[in-house]
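Here is the structure we will look at.
Being a predicted model, the structure only gives us computed values, none of them experimental.
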Amino acid sequence: RDLERAQISTIHAFASALLHEYPIEGGVDPRFSVLDGIDAAIFFDACFADFLAGAGAPHEPLLRRMIATLGGTAAFVDRLREIAERWYDLRGRMETSAPCAGAAAPAGTTRRAGAEPCAGPESLAGAPDRRSELDARRNLYLERARELQRLAEAHCTSSEDRGRLEIERFGEEVLTLSAAADDDELEYLLVAIAPPAAKGNRKNWDPPEACARQKEIAAALGTEHERFRRRWMNGLAEDLAAWCGEFARFVDERKRERAVLDFEDLLIGARRLLRDRAALDDLRARYRFILVDEFQDTDPLQAEIIMLLASAPGAATGDPEGGKLFVVGDPKQSIYRFRGADIEVYERVRDTIAGAGAPLVITQNFRSLPGVVAWVNEAFSCLIHRPPDGRYQPEYAPIHPWRGGDRVAVNLLELETEAVKADELRESEGRAVARFIKRFVTEGGEVTDPRTRRRRHARFGDIALIYRGTPG
């Protein structure tokens, strides 16, 4: 009789309702409004443009390195925006917090993403004598290029030898090192210029030992270059993390000024208010039962909110109270990893709930013919297995047909062509489908009449063609 009083909504609408009730605990303006997807994208673009325009001197080295790396201002801006957007979208999941089924993080222990650079194990950014190291590496490249060129000129008998061609390519590229305008450009060139590959045919070298020597030099250069490249990438990552962190704070501050939140902010605020013990206990007592549909699409932040609410009033952990939480989901249907959906979160929550009651596995299929179900089981039981190094892939659970019949429902059509071009393949595929349809209708193929539910001979009007869209 209390069904009409149940709060039924998306998790974002639910979080919004909580924040309107507990704005202080959630750390939001009580007057906040919510940006929809389009408005949020427009707001983000405006913030990005303003922040980039006023980035200032502290970030100039990073911006120059990214422009050099990506090869042009337009590409640099697009790529930097993509990185900044991805970073900002994940801000709620990069906060330090407990596992979804464990204890909630104590108040005050949260660290916002980007508050400090993500320092790598080793980088050039903090090298005490960067200039000396860059000069030494440039001199090493020039010296090795001259040594390799002397070997090739004195001992290689073929101008087409692959080792010699690599040496000539490397020798031409290292000459650009001397024209570097500053340390940042020199550093980038030292990363971008690939050492010569250790190639060459001994038959083209006299004596053959000279071929082995040039390969030895090339291999040593390759090892040293990879070490240097990793240090350079670590330094770039540190600077980029710091830039993204400052950008995230810039966006958050502008949102506070305008009292607006996006969908991720709703979840972050809801989690924040649930870390307030009084608010959490009040809400735990209010919501006696929680049902979550499509749980396979839940991300870690959403799961943490659900598990906190599902615990008993006064409980110190996020373990659900027996009988309070009911989730429905199919891990095989999880397709929103790009939005943060995490199968391992699903599996951990499932195991936690299973401690208080057995999971119910639904395997009955009411829609498909037995032939379709048999084909699906045969195909996907070979493809879907739990990997040995984690739980990011579920184990396949066979399904069982409810409808009767033993007719073949899946046919494999062989194309009568050896074409490799897309247009030719599409034409051949179309002809094969047309032949199959004609044969099915004219040679007594049967279908179930949608009105009488009886079997009868097929007509062309019974058949629908479904195919992927094509650009041309």
Side-chain angles (χ1 to χ4, degrees), residues 11-13 15-63 66 76-97 105-119 236-276 279 299-302 304-305 339-340:
I11 192 168
H12 294 99
S16 179
L18 294 183
L19 288 174
H20 277 107
E21 185 175 356
Y22 295 92
I24 305 303
E25 293 82 355
V28 301
D29 191 317
R31 305 164 301 167
F32 77 85
S33 59
V34 180
L35 299 171
D36 63 20
I38 295 177
D39 287 337
I42 294 172
F43 184 88
F44 183 89
D45 284 340
C47 289
F48 178 79
D50 291 346
F51 186 76
L52 191 62
H59 294 292
E60 285 183 5
L62 167 67
L63 302 182
M66 289 202 67
F76 145 73
V77 171
D78 289 344
R79 181 58 176 152
L80 185 60
R81 187 202 177 285
E82 180 183 336
I83 294 170
E85 183 176 27
R86 181 61 175 163
W87 177 287
Y88 193 69
D89 285 347
L90 293 174
R91 64 196 182 281
R93 277 154 270 169
M94 290 193 290
E95 289 186 359
T96 302
S97 61
T109 62
T110 298
R111 180 175 68 81
R112 284 302 305 267
E116 54 189 83
C118 301
L236 183 62
E238 290 177 11
D239 291 345
L240 190 56
W243 188 91
C244 286
E246 288 192 25
F247 172 69
R249 290 188 288 275
F250 177 86
V251 178
D252 287 345
E253 181 59 32
R254 182 163 290 187
K255 285 180 175 177
R256 280 190 290 272
E257 293 172 356
R258 303 186 183 184
V260 295
L261 303 176
D262 62 20
F263 292 149
E264 188 74 3
D265 294 323
L266 295 174
L267 300 179
I268 293 171
R271 177 175 59 184
R272 187 183 298 117
L273 79 86
L274 292 176
R275 288 175 177 170
D276 181 273
D299 66 38
L301 176 54
Q302 296 169 355
E304 185 179 354
I305 292 170
R339 293 183 182 172

Heavy-atom closest contact ([X] atom, [Y] atom, distance):
X    : Y    : value
D50  : F250 : CB-CZ, 4.1 Å
G26  : L19  : CA-CD2, 3.8 Å
G245 : W87  : N-NE1, 4.2 Å
F263 : G37  : CE1-N, 4.4 Å

- prompt: Has the side chain of R271 got a donor or acceptor atom that lies under 3.5 Å from a matching backbone atom of I305?
  reply: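 Here the side-chain-to-backbone pair does not exist.
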
message: I need the full list of side chain to side chain donor-acceptor pair (under 3.5 Å) pairs touching residues 28-40, with sequence neighbours left out, sorted by first then second residue.
response: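 Counting only pairs at least two positions apart or across chains, the side chain to side chain donor-acceptor pair (under 3.5 Å) contacts touching residues 28-40 are D29-R31.
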
- request: For the pair W243 and L52, evaluate side-chain contact (heavy atoms from CB on, under 4.5 Å) and give the outcome as yes or no after the intermediate values.
  value: CA-CA 10 Å; W243 188 91; L52 191 62; 4.1 Å; yes

query: Listed by chain and number, what are the side chain to side chain donor-acceptor pair (under 3.5 Å) partners of D262, not counting sequence neighbours?
result: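 Side chain to side chain donor-acceptor pair (under 3.5 Å) check on D262 returns R91, K255.
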
Rounded distance [0.5 Å steps], [atom1] in [X] versus [atom2] in [Y]:
X    : Y    : atom1 : atom2 : value
F32  : S16  : CZ    : OG    : 4.0 Å
E304 : D299 : CD    : CG    : 10.5 Å
H12  : E264 : NE2   : CD    : 6.5 Å

message: Set out, in order, the CA-CA distance, both residues' side-chain angles and the distance that settles salt bridge (Lys or Arg N to Asp or Glu O under 4.0 Å) for E85 and R81, then state yes or no.
response: CA-CA 6 Å; E85 183 176 27; R81 187 202 177 285; 2.8 Å; yes

For [X], give me all partners under side chain to side chain contact (heavy atoms under 4.5 Å, CB included), at least two apart in sequence or on another chain.
X    : answer
I83  : M66, R79, L240, C244
P23  : V28, P30
A49  : none
R258 : F43, R254, V260

task: Check the pair Y88 / D252 against side-chain contact (heavy atoms from CB on, under 4.5 Å), numbers first and verdict last.
output: CA-CA 10 Å; Y88 193 69; D252 287 345; 2.6 Å; yes

query: Can we call the ring centroids of F44 and F51 under 6.0 Å apart?
result: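 Ring-ring flag for F44/F51: false, centres at least 6.0 Å apart.
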
- prompt: Taking it one step at a time, do V251 and F48 satisfy side-chain contact (heavy atoms from CB on, under 4.5 Å)?
  reply: CA-CA 8 Å; V251 178; F48 178 79; over 6 Å; no

